[in-house]
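Presented below is the structure to which this report refers.
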Amino acid sequence: MDERNDINKYREDKLRRKALIKLIVFVVAAATLIVIVFNWRSILAPLKNIGLRSSGGGFPVDLSRSAKYEIGKLGENFYLLTDTYLYTYNEDGAELSSKQHGLQKPMCSSNDKRALVYDRSGKDVKEYSKSAEVFSKSFEDSIVFAEMGTDERCAVVTTASRYSNYLYVLNLEGRQIFRWASPDEMIMQVCFDDGDKSIYVSVVGEKNGALNSSVLRFEISEKTQSETWRTPIGGSVSYSLQKCADGVYAVTSEGAFLINDKTGDLIASNEYSKEIVGIARSSGLHVTLFRDPVSNGVVATAYSETLEPSAAAALENNADFDVEGGKFYALCGNKLTIYNAALEEITSFDLDDEYSDIIIIGKYAYLLGYNKVQRQNLKD
């Protein structure tokens, strides 16, 4: 009898130990989950590229494999597009992938996660992640241009035999989810809203013998192709169309227009009298570059939220630029100058060589030269 009691007691103790172990595991897992929830950005940041193949690293990145490169942003990474390959690199200059695109006249549009490579005047588009091809698609008509959305969708504009242009919107699998045939107006630019639920389109046509430009909004749906609103923006061709926090920002050779993205009402406008050579925008900062006929240089002009000119800075004629985080970055040969929102010089860097292109990602400036990419730490 005592032996049976001992066995029962042993079994009860064993069950209690198992229950205690399960409780401890549950508590530890719950505590870990809480830590991850409140600190997920800092925890996952070092792991963001853990699944990507990387080779080499360090700057400068050697570009001896091709004569022509295009550099662009891909989230916290950057890409290089050549006439045969799309290369992706992490922030330390390590190559993540190299994909042969096989296009004749490759052009690229990107967002934080993907790059859309299309064949200008050809019929093929290919979408890539940071490490692999996502989809490839061919069209019946020639591609005029393509644009990556803010999330998973992209837009492709083609020629059309019976219309002026076709506008296609594709999902992540490359399936068509929207198409609009522009009957007698040429599509100039497109941009998406946050989440890619709507698309804005700038068009130009002829009315009473004169050019007539407009911006249109469409809700992306397979059931309708009707515009939500249409806003005229003057009698000249549009250069740029961007979705910003204030609304939809359109620039033509005649001036700039800020449109309410929900209603299409014109919020503000400003006329230009000089030749435009560049347009840049980030949150809270609109900058337009004009050619200065007196100095043969360039004047960068900042505009307020109501598109009133608020500041100006003189640049060299060959300057490249970027706008990020409310700051304006101007690259002139071997010198990089940083301006605040009032276009007051904050600091400058003397670079190790001359560079032609610049992109700003985080705390670094990535500089494209003749045969290399260099990185400049902006915190130095």
Side-chain angles (χ1 to χ4, degrees), residues 47-140 142-158 168-177 192 196 356-359 361-362 364 366-375:
L47 307 178
K48 61 182 180 297
N49 291 322
I50 197 169
L52 303 180
R53 175 186 63 83
S54 64
S55 61
F59 288 90
V61 175
D62 177 50
L63 304 185
S64 58
R65 290 172 287 188
S66 179
K68 184 179 179 182
Y69 284 84
E70 173 190 330
I71 188 170
K73 303 176 186 180
L74 194 57
E76 295 182 2
N77 305 299
F78 67 96
Y79 71 81
L80 291 169
L81 178 68
T82 77
D83 53 356
T84 52
Y85 279 86
L86 176 72
Y87 299 96
T88 59
Y89 296 83
N90 67 13
E91 62 182 7
D92 296 319
E95 183 181 306
L96 300 175
S97 69
S98 61
K99 302 296 180 182
Q100 189 170 10
H101 51 68
L103 305 181
Q104 295 298 314
K105 297 180 180 179
M107 302 289 288
C108 190
S109 173
S110 65
N111 61 19
D112 285 348
K113 298 178 182 178
R114 279 170 280 278
L116 182 70
V117 182
Y118 62 94
D119 201 350
R120 186 179 58 184
S121 300
K123 298 185 178 182
D124 298 313
V125 296
K126 296 186 177 184
E127 186 171 306
Y128 297 90
S129 67
K130 298 169 186 177
S131 60
E133 181 178 306
V134 179
F135 71 79
S136 177
K137 186 177 180 67
S138 296
F139 291 85
E140 294 182 359
S142 298
I143 297 170
V144 181
F145 69 91
E147 190 73 28
M148 196 68 216
T150 59
D151 193 10
E152 296 183 347
R153 295 173 175 178
C154 65
V156 180
V157 175
T158 72
Y168 299 90
V169 176
L170 311 179
N171 65 8
L172 183 59
E173 290 77 37
R175 184 175 69 87
Q176 175 188 316
I177 59 174
F192 290 84
D196 297 345
S356 59
D357 298 85
I358 180 174
I359 57 172
I361 306 175
Y364 298 112
Y366 295 86
L367 310 162
L368 178 61
Y370 172 69
N371 59 358
K372 64 182 177 182
V373 173
Q374 185 62 280
R375 185 181 73 175

### Message
side-chain contact (heavy atoms from CB on, under 4.5 Å), that's the test. Do Ile358 and Tyr366 meet it? Break it down for me.
### Response
CA-CA 6 Å; Ile358 180 174; Tyr366 295 86; over 6 Å; no
### Query
Taking it one step at a time, do Tyr89 and Leu96 satisfy side-chain contact (heavy atoms from CB on, under 4.5 Å)?
CA-CA 5 Å; Tyr89 296 83; Leu96 300 175; 5.6 Å; no
### Task
Give the C-alpha distance, both sets of side-chain angles, the deciding distance and a yes or no for side-chain contact (heavy atoms from CB on, under 4.5 Å) between Val373 and Leu63.
CA-CA 7 Å; Val373 173; Leu63 304 185; 3.7 Å; yes
### Task
List the steps and the verdict of side-chain contact (heavy atoms from CB on, under 4.5 Å) for Leu81 and Val117.
CA-CA 9 Å; Leu81 178 68; Val117 182; 4.1 Å; yes
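Heavy atoms only, all atoms of each residue included: Leu86 and Ala115 are closest at CD2-CB, 4.2 Å. The two residues Gln100 and Tyr128 make their nearest non-hydrogen contact at O-OH, 4.1 Å. Taking every heavy atom of both residues into account, Met148 and Ser109 meet most closely at N-OG, 2.9 Å. Between Arg120 and Val144 the shortest heavy-atom distance is CG-O, 4.0 Å.
Residues satisfying the side-chain hydrogen bond (donor to acceptor under 3.5 Å, both in side chains) criterion with Asp124, sequence neighbours excluded, are Ser138. Annotation: ring pair (Phe, Tyr, Trp, His ring centres under 6.0 Å) contacts of Phe139 (sequence neighbours excluded): Tyr168. Residues passing the ring pair (Phe, Tyr, Trp, His ring centres under 6.0 Å) test with Tyr79: none are found, sequence neighbours excluded. With sequence neighbours left out, the side-chain hydrogen bond (donor to acceptor under 3.5 Å, both in side chains) criterion links Asp112 to no other residue. Asp196 pairs by the side-chain contact (heavy atoms from CB on, under 4.5 Å) definition with Thr150, Asp151, Arg153, Phe192, not counting sequence neighbours. Every residue meeting the side-chain contact (heavy atoms from CB on, under 4.5 Å) condition with Ala146, not counting sequence neighbours, appears here in chain and number order: Leu116, Tyr118, Val156. Qualifying ring pair (Phe, Tyr, Trp, His ring centres under 6.0 Å) partners for Tyr364, counting only residues two or more places apart in sequence or in other chains: none. Applying the salt bridge (Lys or Arg N to Asp or Glu O under 4.0 Å) criterion to Lys372, with sequence neighbours excluded, gives Asp352, Asp353. For Lys99, there are no side-chain hydrogen bond (donor to acceptor under 3.5 Å, both in side chains) partners at least two apart in sequence or on another chain. Listed by chain and number, the residues in a side-chain contact (heavy atoms from CB on, under 4.5 Å) with Val134 are Arg114, Glu127, Ser129, Leu172 (sequence neighbours excluded). Asn371 meets the side-chain contact (heavy atoms from CB on, under 4.5 Å) test with no other residue; sequence neighbours excluded. Looking at residues two or more places apart in sequence or on another chain, you find no salt bridge (Lys or Arg N to Asp or Glu O under 4.0 Å) involving Lys126.
At least one donor-acceptor pair under 3.5 Å links the side chain of Ser356 to the backbone N or O of Leu368. The backbone N or O of Tyr87 sits nowhere less than 3.5 Å from a side-chain atom of Ser98 that would complete a donor-acceptor pair. In this structure a side-chain-to-backbone donor-acceptor pair under 3.5 Å is missing from Ser110 to Leu74. With hydrogens and angles disregarded, no donor-acceptor distance shorter than 3.5 Å links the side chain of Arg375 to the backbone of Gly58. The backbone N or O of Ala94 lies less than 3.5 Å from a partner atom in the side chain of Asn90, making a donor-acceptor pair.
For the atom pair Glu147 CD and Cys154 SG, the distance stands at 10.0 Å (nearest 0.5 Å). The line from CG of Asn111 to CD of Glu152 is 9.5 Å long, rounded to the nearest 0.5 Å. Note that CG of Asp119 is 9.0 Å distant from NE2 of His101, once rounded to the nearest 0.5 Å.
Crowding of Lys113 atom NZ: a count of heavy atoms from other residues, nucleotides or ligands under 6.0 Å not exceeding 12. Counting heavy-atom neighbours within 6.0 Å of Glu133 CD, excluding the residue itself, gives a total above 12. Within a 6.0 Å sphere centred on CZ of Phe59, other residues, nucleotides and ligands contribute more than 12 heavy atoms.
Side-chain contact, Thr88 with Ser97: a donor N or O sits under 3.5 Å from an acceptor N or O.
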